[in-house]
Amino acid sequence: MNQPLHIYNTLTKTKELFKPINAPLVGMYVCGPTVYSDAHLGNCRTFTSFDIIYRYLLHLGYKVRYVRNITDAGHLEGDRDMGDDKFTKKAKEFALEPMEIVQKYTIGFRDIMRLINNLPPSIEPTATGHILEQQDITKQIINNGLAYEANGTVYFDVDKYAKLHNYTELTNRKLEELYENTRDLEGQSEKKGRLDFALWIKAKPEHLMKWNSPWGVGFPGWHIECSAMSHKYLGYTFDIHGGGMDLQATHHTNEIAQNMAFCGKKPANYWIHTNMLTVNGQKMSKSLGNSFLPMELFSGQHPLLSKGFNPIVVRFFMLQAHYRSTLDFSNDALEAAEKGFKKLKDAFATLNKLTASNESSVNIKHIKDGCYAAMNDDFNTPMVIAHFFTIVKIINAAQIGNEKLTSTDIEQIKQLYKNFIIDIMGLQVHTDSMNNDQTLNQVMELVLELRQQAKLNKDYTTSDLIRDKITNAHIQINDSKDGSNWVLK
RNA sequence: GGUCCUGUGGCCGAGUGGUUAGGCUCAGCUCUGCAAAAGCUGCUACAGCGGUUCGAACCCGCUCGGGACCUCCA
């Protein structure tokens with residue numbers, strides 16, 4: 001539109017002009033969930049952030065291939081490169097096949113994504129579906145002399161790699177300090193260097209998910225899947241690689257190393273990292289036990305919640321903060337978001353009832369430019385929302401005649417709403433289901449009529465009785481100049 | 001311990017070297033039989049201490065908080 005899109009690149013720690021390698025094509029890879037348990041709200045925030053990025057790129061006219069993997073194998077539990085993988089552990093616990101675990105949580109994850117209105121990615125590859133690709137890359141890295149096999153396990157040779165390339169590019173850490181601060185683990189004597197990590201891991205006999213390989217029976221290490229799948233679907237170097245900040249130091253650092261070792265090319269030009277969702281200032285995570293499950297949030301079944309929240313309200317709540325800031329989660333914050341969102345929604349409902357004026361007292365284009373400027377400045381959704389609240393003010397003022405909107409203004413606002421609220425931010429306003437219940441509609445029609453009669457007779461005892469009783473049934477009656485109406489609470 | 005990030009009004013949260021973020025709460029008002037809902041108006045903050053500057057919440061230094069990563073994590 002006006003000024004071009006700038007993206008904050010973790011690689012350079014600056015906002016950079018976005019220049020796709022092959023416009024209008026854009027390749028974007030985002031590290032997806034490990035499906036060994038329910039996705040929590042923190043996970044949702046990351047994928048919602050990337051959904052906005054995806055949607056905005058689409059809106060700008062790019063043809064985006066958005067790849068987000070499903071990790072269904074290989075992630076290790078506890079001490080690194082040792083022990084059971086998460087799927088094996090869970091499968092044993094519940095006497096299930098690992099793929100039953102995978103199936104259950106994959107479906108659950110997709111349900112949540114749909115509820116929170118995240119578009120499905122273009123490709124959603126699984127680790128288990130790409131074992132051969134992972135082995136191929138591993139072989140190539142061995143051939144290139146940057147990995148070695150020891151007793152059925154293949155390790156990436158970080159020492160050797162660091163002499164050729166900048167291993168800590170993504171974090172700016174000093175290699176010596178990494179060495180100092182990395183724990184030496186027992187039973188890891190087969191590793192040459194302390195920082196070496198596994199590309200392929202020898203499976204113990206009791207291990208459930210394992211595959212044949214040139215190095216014996218085993219399973220892939222926990223970084224190689226992303227290298228394999230991003231390369232397969234997006235090529236040697238693609239535009240955007242994303243993920244949560246907690247993946248930056250280890251997972252993404254190793255991913256870059258793997259790709260460089262494999263083909264000499266960086267996987268991506270722009271690295272985008274989303275910040276964490278916190279609870280009382282602390283990162284929400286499974287290991288800390290302070291997770292909120294999306295379903296708990298939607299239903300209100302959680303000790304810290306006073307009620308359930310619509311998934312779109314949750315989405316709105318998340319978009320009120322910038323993706324690179326931490327966002328603190330609380331019942332109060334959610335309630336504030338709910339009310340704010342309702343205000344936004346209501347204003348656009350009244351927009352449709354507005355009568356156009358012959359003259360205009362507002363400058364809609366100015367606001368539109370502001371919205372694009374905000375999105376082009378590293379996807380600043382809170383700013384876009386602020387602009388929309390000035391539109392809300394204008395709409396409400398126009399309704400009581402304090403502002404004048406021409407039919408062109410009204411059309412422009414509707415277009416803005418469609419572009420930014422619906423298409424880019426995905427804040428789809430579902431028509432409330434309440435009016436779909438014909439029986440209830442008819443009953444309520446009668447109730448309101450009886451109450452209206454009572455009011456006309458100045459029988460306020462009866463009219464208030466009706467209102468109170470019906471409130472107990474979670475139906476709220478509101479009086480206005482043009483009569484009464486009702487909403488489900 | 002190391003590396004990095006961060007500290008904004010009652011709450012959540014943007015932002016910038018000199019002009020109102022925004023939302024919620026709260027107060028007042030309008031409307032109203034009373035409520036509720038809705039709308040309008042008001043509430044001017046940037047952890048502390050120094051420094052740079054004509055001017056800093058925004059730049060620099062120190063102090064004190066908070067957090068992330070260095071273990072699996074979005």
Side-chain angles (χ1 to χ4, degrees), chain A residues 13 30-34 36-37 39-50 71 75-83 85-86 168 171-174 176-183 185 222 242-251 253 273-278 280-288 291 316-317 320-322 324-330 332-344 346-347 350 374 377 380-390 392-393 396-397 399-400 402 455 458-460 463-464 467-468 471 476-481 484-485 487:
Chain A
K13 306 230 182 299
V30 173
C31 293
T34 305
Y36 70 97
S37 69
H40 61 68
L41 209 63
N43 306 107
C44 287
R45 184 189 182 199
T46 294
F47 301 126
T48 301
S49 298
F50 284 105
T71 298
H75 254 196
L76 292 163
E77 187 78 54
D79 36 6
R80 70 203 227 175
D81 302 348
M82 301 273 293
D85 71 70
K86 288 173 174 170
T168 53
T171 51
N172 279 342
R173 286 203 182 135
K174 292 198 176 70
E176 312 84 68
E177 283 162 0
L178 269 187
Y179 278 109
E180 282 171 28
N181 292 312
T182 303
R183 286 189 277 171
L185 295 163
W222 57 283
M245 268 182 187
D246 47 357
L247 298 180
Q248 183 183 335
T250 306
H251 182 57
T253 290
H273 288 98
T274 57
N275 216 134
M276 301 291 106
L277 186 66
T278 60
N280 294 323
Q282 271 214 319
K283 175 183 169 183
M284 181 181 288
S285 77
K286 287 170 190 167
S287 45
L288 286 173
S291 298
F316 180 76
F317 161 72
Q320 278 184 301
H322 187 86
R324 279 191 291 113
S325 300
T326 54
L327 170 61
D328 202 58
F329 174 88
S330 70
D332 285 356
L334 245 341
E335 282 190 340
E338 183 176 55
K339 285 182 185 164
F341 185 60
K342 182 178 185 308
K343 191 171 167 182
L344 186 64
D346 290 349
T350 68
D377 183 17
N380 194 330
T381 53
M383 194 64 113
V384 174
I385 290 172
H387 283 306
F388 268 86
F389 277 106
T390 77
V392 166
K393 229 168 199 163
N396 290 331
Q399 196 191 16
I400 56 173
N402 287 350
K455 280 175 70 173
K458 301 218 186 279
D459 178 6
Y460 295 122
S463 71
D464 288 354
R467 188 173 62 196
D468 292 348
T471 304
Q476 183 181 298
I477 293 179
N478 297 322
D479 295 340
S480 72
K481 272 176 268 181
S484 304
N485 56 59
V487 285

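These numbers were taken from a predicted model, which means no experiment stands behind them. Protein chains get the first letters and strands the later ones, always in sequence-line order, with residue 1 at the start of each.
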Sorted by chain and number, sequence neighbours left out, side-chain contact (heavy atoms from CB on, under 4.5 Å) with A:A336 holds for none
Counting any heavy atom closer than 4.0 Å, what does A:N43 reach on the DNA or RNA strands: base, sugar-phosphate only, or nothing?
base
Could you go through nucleotides 66-69 of chain B and list every protein N or O atom that sits under 3.5 Å from one of its N or O atoms, giving the distance for each pair?
unit_1	atom_1	unit_2	atom_2	d
B:A68	OP1	A:K283	N	3.4
B:C69	OP1	A:K283	NZ	2.1
B:C69	O2'	A:R173	NH2	3.1
B:C69	O2	A:R173	NH2	2.9

With A:K343, which residues qualify under side-chain contact (heavy atoms from CB on, under 4.5 Å), at least two apart?
A:F389, A:V392
Under the side-chain contact (heavy atoms from CB on, under 4.5 Å) rule, collect the residues that match up with A:Q248, sequence neighbours excluded.
A:T10, A:K13, A:L170, A:T171, A:M245, A:H273
Going 5' to 3' through nucleotides 33-48 of chain B, assign each nucleotide B (protein heavy atom under 4.0 Å from a base atom), S (under 4.0 Å only from sugar-phosphate atoms) or - (no protein heavy atom that close).
BBBBSSSSS-------
Using a heavy-atom cut-off of 4.0 Å across all strands, would you classify A:G32 as base, sugar-phosphate, or nothing?
sugar-phosphate
Just the rounded figure in Å: distance from C1' of B:G13 to CZ of A:F341.
18 Å
Should A:T171 be listed as having a side-chain N or O under 4.0 Å from OP1 or OP2 of B:C70?
no
Base, sugar-phosphate or nothing for A:I385? Non-hydrogen atoms, less than 4.0 Å.
nothing
Mind checking if A:S285 touches a base, just sugar-phosphate, or nothing, with heavy atoms under 4.0 Å?
base
Taking only N/O atoms, report every protein-nucleotides 15-19 of chain B pair under 3.5 Å with atom names and distance.
unit_1	atom_1	unit_2	atom_2	d
B:G15	OP1	A:N380	ND2	3.3

For a quick check of understanding: with a heavy-atom distance under 4.0 Å over all strands, which category does A:L277 fall into, base, sugar-phosphate or nothing?
base
Mind checking who B:U44 pairs with, Watson-Crick or G-U wobble, both distances under 3.5 Å?
none
Mind checking if A:H273 touches a base, just sugar-phosphate, or nothing, with heavy atoms under 4.0 Å?
nothing
